[in-house]
Structures are given as C-alpha cells and as structure tokens.
Amino acid sequence: MSFDVKGWCPGALRPMESGDGWVVRVRVPGGRMTPEQARGIAAAAARHGNGLIDLSARANVQLRGVTMESHAPLIAELRALELIDRDESAEARRNIVVQPFWTAGDGTLEMATALAEALAATDLPLPGKFGFALDTGARPVLRALSCDIRVERHGQGFLVLADGATAGAVVAEADVTQAALDLARWFVDSGGITAGRGRMRPHLARAALPDAFRAAPRADCPDLVAKSGPCPGGALVALAFGQMRAETLAALSDHGALRVTPWRMLLVEGVAAPPAIPGLLTDPEDPLTRVVACTGAPGCPQARQSTRDLAARLAPAVPVGRLLHVSGCAKGCAHPFPADFTLTATGAGFDLVRNGRAGDVALAHSTTDQITPESLTF
C-alpha cells in the first residue's frame with residue numbers, strides 16, 4: 001500500500017490540506033485553554049471552518065474545513081487569544097506535550113513556558129515531528145506517547161532523558177530547559193537528521209548518548225490507562241474518535257478551564273464528574289472508547305476507504321481492555337502503535353492485522369461487507 005510521507009505536522013501558520021479543506025493545528029501553550037480561549041476557538045472553528053474540531057494524539061486542537069480565504073481571519077482571531085507563535089519555524093519547534101495532571105506550583109507550567117521560549121529562540125534545525133514530553137506530575141503518565149526528549153520528576157530534581165533510553169541526567173528545575181536543549185543539540189550534531197527527518201529512538205541504535213545522559217536510571221512505572229471520569233484536578237471527558245462540534249467545546253468552556261490530553265480527551269478543571277453535555281463519552285466503558293479510527297475517506301485524500309462508520313459498527317464487539325484500530329491507509333496516523341486488531345484500508349476492502357500496526361503484514365483480507373461484529377475474534 002502506498003501513501004505520502006509529509007515529514008512534518010500541520011500547524012496553525014502552516015496548515016495541511018485534507019479532503020474537507022485545510023487542517024489548522026493549534027498547539028495550545030502548556031496544553032491548557034482558559035474558558036475564554038476555548039470559547040474563542042469554538043467560535044473561530046464555526047466561523048472560519050466547518051465546525052469540526054479534532055483532538056490529536058499529541059495533545060493539540062485541530063480545526064477542520066478551513067479555506068484559503070478564511071485562514072487569515074482565523075489566524076487573526078487565534079492570535080488575539082495568544083494561541084499563535086511569531087512565525088512558522090517557532091511554531092514547528094514548539095512541539096511540547098504537557099502531562100495534564102500537574103498541580104499549581106509544581107513547576108510544570110513554568111518549565112513548559114521556559115522550554116517554549118527557548119525553542120523559539122534557538123537555531124536548532126529540529127525535524128518537524130521532533131517533540132518533547134513534560135511528564136512532571138506526581139507520576140509519569142506519558143510513557144506511551146511518541147516523543148523524543150522526556151522530562152520526568154526524579155526525587156527532588158528532574159530526569160531529562162532521550163526517548164528509548166533507560167537512564168538520563170538529573171537536574172534542578174531551573175536547569176531543565178538547558179539540559180533538554182543540550183540533548184536536542186547532541187541529536188542534531190551526532191547525525192540524527194537525514195533529509196530533514198529523524199527521531200530519537202532509532203538514532204540511539206546508531207549513536208551512544210553522552211555520559212551525562214546515562215547517569216541516572218529511570219524508575220519503573222506502569223502505563224496509565226486513561227478513562228472518562230474523575231481524575232486529579234477535575235474530570236476527563238472522551239469524544240468519539242477524538243472529534244467534537246464547535247458547540248460542544250463552547251459548552252465545555254462554561255464549566256472551567258480545559259486541559260488537552262494526548263488520549264484524545266479533555267480534562268475539565270475543578271469539576272467532580274464529567275459534565276452532561278451531548279457529544280461527550282462520559283461512560284468509561286462506552287464501546288466507542290475501545291476503537292480508534294482516522295478521518296478516513298473522503299475527509300483524508302490518502303484514505304482508501306471510509307473508516308468511522310465501520311469502527312462504530314464494530315465497537316460493541318470489542319471486549320473491555322482490547323483495542324480495535326481502523327485505518328484509512330497503511331500510514332496509521334490515528335494510532336501509530338500496535339493494536340489488538342487493526343483493519344487497514346486498501347482499494348478493495350481491508351487488510352486484517354493482529355497485534356500490530358496499520359502497515360504490518362496482514363493475516364487476511366476482507367471486503368467491507370464481509371467485516372461484521374461476528375467476524376472479529378479477539
């Protein structure tokens with residue numbers, strides 16, 4: 001199966017064309033929207049796009065259906081909300097995911113601001129997908145996230161480590177930004193970039209980290225299974241396929257500030273339970289929380305088939321604790337990780353992959369009509 005590799009991610013200043021117009025990705029500073037910002041994004045999405053808003057796997061907000069004519073006024077409104085970087089290069093480097101369970105005064109937001117400012121000022125030619133994870137809450141929760149440089153709490157300090165490494169450098173809060181930049185510069189200087197692309201984890205197979213970033217072992221910690229419901233700081237709310245209407249975001253803004261998560265959920269600050277708003281998945285065992293599907297055809301020009309109707313139809317057959325991924329092509333953008341069961345669209349139906357990714361070798365092939373809830377055996 002063929003697909004185009006862009007080598008970069010869409011931004012607000014550099015949108016990406018899709019089947020339903022331009023996708024404008026807003027990298028919310030610190031991952032937190034004030035109620036005013038959330039209402040402003042909702043209004044802008046309805047006024048200048050098609051009213052659909054996606055949550056990405058890197059904790060960003062994506063506005064869909066934007067046109068060449070509506071892009072400039074959209075950016076002007078978002079800039080007034082302090083959501084836009086000074087230029088495209090600064091925007092591309094500010095690829096930071098902040099874990100959503102931080103608390104006021106724990107240093108997380110301050111580190112996010114300092115790192116964003118440093119990345120805007122640096123001349124490092126980082127690849128478009130190169131990212132940072134500030135996983136500095138009470139315990140790490142972003143270890144399954146695709147990123148390149150991680151920061152975790154470590155005793156009274158912070159551990160800065162390369163993705164794929166089992167040890168890193170322990171530094172004080174005031175030194176986190178410099179240590180992260182030093183590690184990023186090592187990545188560039190040691191040949192981590194080829195033809196403008198590169199990621200940390202595969203680079204570690206070819207290059208040895210500096211001694212300073214192998215000094216302190218990382219603590220073991222189980223992966224987090226995020227679910228709708230009460231959580232530290234408020235409540236998590238999920239969305240079918242990570243997508244909502246603008247009016248849903250506007251309604252959520254009435255309940256408090258919102259934190260964007262990499263699990264395609266929003267954390268509503270200060271509430272004891274998920275708000276009862278149409279369009280939200282508030283039941284942690286809702287079958288739709290056990291399926292992942294990209295935009296699919298016709299919304300994505302690379303997709304070979306429609307995806308979400310099929311995923312919704314199959315969702316009740318997915319057992320609790322299992323995951324079904326329906327991908328419009330072999331690229332697997334919506335879930336670039338193994339899933340219990342993956343259906344990858346082709347021109348004539350779907351390839352079936354078990355315990356693998358969208359582009360992995362298929363065990364079988366079926367037409368769309370042949371795929372039924374009864375045909376899935378987990």
Side-chain angles (χ1 to χ4, degrees), residues 6-17 21-45 47-49 53-56 58-64 66-98 102 107-134 147-149 151 174-185 187-188 193 196-198 257-260 262:
K6 301 293 186 182
W8 55 278
C9 294
L13 297 175
R14 190 186 183 192
M16 183 177 286
E17 186 173 359
W22 287 359
V23 176
V24 173
R25 176 175 289 180
V26 181
R27 303 181 181 192
V28 179
R32 181 181 187 268
M33 295 180 281
T34 65
E36 179 186 18
Q37 287 174 324
R39 283 191 290 271
I41 290 174
R47 187 159 38 242
H48 303 297
I53 300 172
D54 295 331
L55 301 180
S56 81
R58 289 198 177 189
N60 296 308
V61 177
Q62 297 184 162
L63 282 58
R64 305 192 67 91
V66 178
T67 66
M68 184 181 299
E69 295 74 22
S70 67
H71 183 244
L74 168 65
I75 294 300
E77 292 185 18
L78 295 177
R79 194 180 294 280
L81 293 167
E82 300 183 344
L83 294 169
I84 301 297
D85 294 275
R86 69 185 186 197
D87 54 39
E88 289 183 21
S89 61
E91 176 183 68
R93 286 193 294 268
R94 187 174 61 83
N95 195 1
I96 305 169
V97 179
V98 178
W102 53 266
T108 297
L109 287 190
E110 291 79 5
M111 284 185 283
T113 300
L115 180 57
E117 291 174 350
L119 288 171
T122 187
D123 59 354
L124 281 174
L126 296 175
K129 294 182 179 293
F130 195 92
F132 300 78
L134 290 182
C147 74
D148 298 277
I149 294 177
V151 182
D175 299 320
V176 164
T177 293
Q178 188 59 55
L181 289 183
D182 288 346
L183 186 52
R185 190 170 294 280
F187 171 81
V188 173
I193 303 174
R197 299 176 189 156
L258 306 174
R259 302 183 189 180
V260 191

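As the structure is a prediction and not an experimental result, all values here were calculated from the model.
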Student: Measure the shortest side-chain to side-chain distance between R58 and S56 over non-hydrogen atoms and say whether it is less than 4.5 angstrom.
Tutor: yes
Student: Yes or no on side-chain contact (heavy atoms from CB on, under 4.5 Å) for R32 and W102, after CA distance, side-chain angles and deciding distance?
Tutor: CA-CA 11 Å; R32 181 181 187 268; W102 53 266; 3.7 Å; yes
Student: Are side-chain heavy atoms of V61 and L55 found at a separation under 4.5 Å?
Tutor: yes
Student: Sub-3.5 Å donor-acceptor pair from the side chain of R94 to the main-chain atoms of D85, do we have one?
Tutor: no
Student: Is it true that a side-chain atom of R259 and a backbone atom of V98 form a donor plus acceptor pair closer than 3.5 Å?
Tutor: no
Student: Measure the spacing between CG of D182 and CD1 of I149 and express it to the nearest 0.5 Å.
Tutor: 9.5 Å
Student: Within the distance-only criterion (no hydrogens, no angle test), does the side chain of Q178 pair as donor or acceptor with the backbone N or O of D175 below 3.5 angstrom?
Tutor: no
Student: Begin with the C-alpha distance, continue with both residues' side-chain angles, and end with the deciding distance and a verdict on side-chain contact (heavy atoms from CB on, under 4.5 Å) for I96 and L119.
Tutor: CA-CA 10 Å; I96 305 169; L119 288 171; 3.9 Å; yes
Student: Which heavy atom of A114 sits nearest a heavy atom of T177, and at what distance?
Tutor: CB-OG1, 3.5 Å
Student: Is there a donor-acceptor pair under 3.5 Å between the side chain of H71 and the backbone N or O of A12?
Tutor: yes
Student: I want to check something: taking the side chain as every heavy atom from C-beta on, are N60 and V260 in contact at a cut-off of under 4.5 Å?
Tutor: no
Student: Please check this pair: side chain of R86 against backbone of A120, looking for a donor-acceptor N/O pair closer than 3.5 Å.
Tutor: yes
Student: For L63 and A44, work out which heavy atoms get closest and say how close.
Tutor: CD2-C, 4.5 Å
Student: So does L13 get a backbone contact from the side chain of E91, meaning a donor-acceptor N/O pair under 3.5 Å?
Tutor: yes
Student: Give the minimum heavy-atom separation between A184 and L126, together with the two atoms involved.
Tutor: CB-CD2, 4.2 Å
Student: Whether the side chain of R14 engages the backbone of S89 through a donor-acceptor N/O pair (distance < 3.5 Å, no angle test) should be reported.
Tutor: no
Student: Once you round to the nearest 0.5 Å, how far does CZ of R185 lie from CG of D123?
Tutor: 5.5 Å
Student: Exactly one of L83, N95, V97 should register a side-chain contact (heavy atoms from CB on, under 4.5 Å) with R27. Which one does?
Tutor: N95
Student: Are the side chains of L115 and V176 in contact, using a 4.5 Å heavy-atom criterion?
Tutor: no
Student: Where is the tightest heavy-atom contact between V24 and P15, given as atom of each residue plus distance?
Tutor: CG2-CB, 3.9 Å
Student: Taking atom CG of L81 and atom OG1 of T34, what is their separation to the nearest 0.5 Å?
Tutor: 7.5 Å
Student: Any sub-3.5 Å donor-acceptor pair from R25's side-chain atoms to M16's backbone N or O?
Tutor: no
Student: For the residue pair D54 and R64, what are the closest heavy atoms and their distance?
Tutor: OD2-NH1, 2.9 Å
Student: Please report the interatomic distance CG(L109) to CE(M111), rounded to the nearest 0.5 Å.
Tutor: 9.0 Å
Student: Does R93 reach the main-chain N or O of G128 with its side chain, forming a donor-acceptor pair under 3.5 Å?
Tutor: no
Student: Which heavy-atom pair separates E82 from P29 by the least distance, and what is that distance?
Tutor: O-CG, 3.9 Å
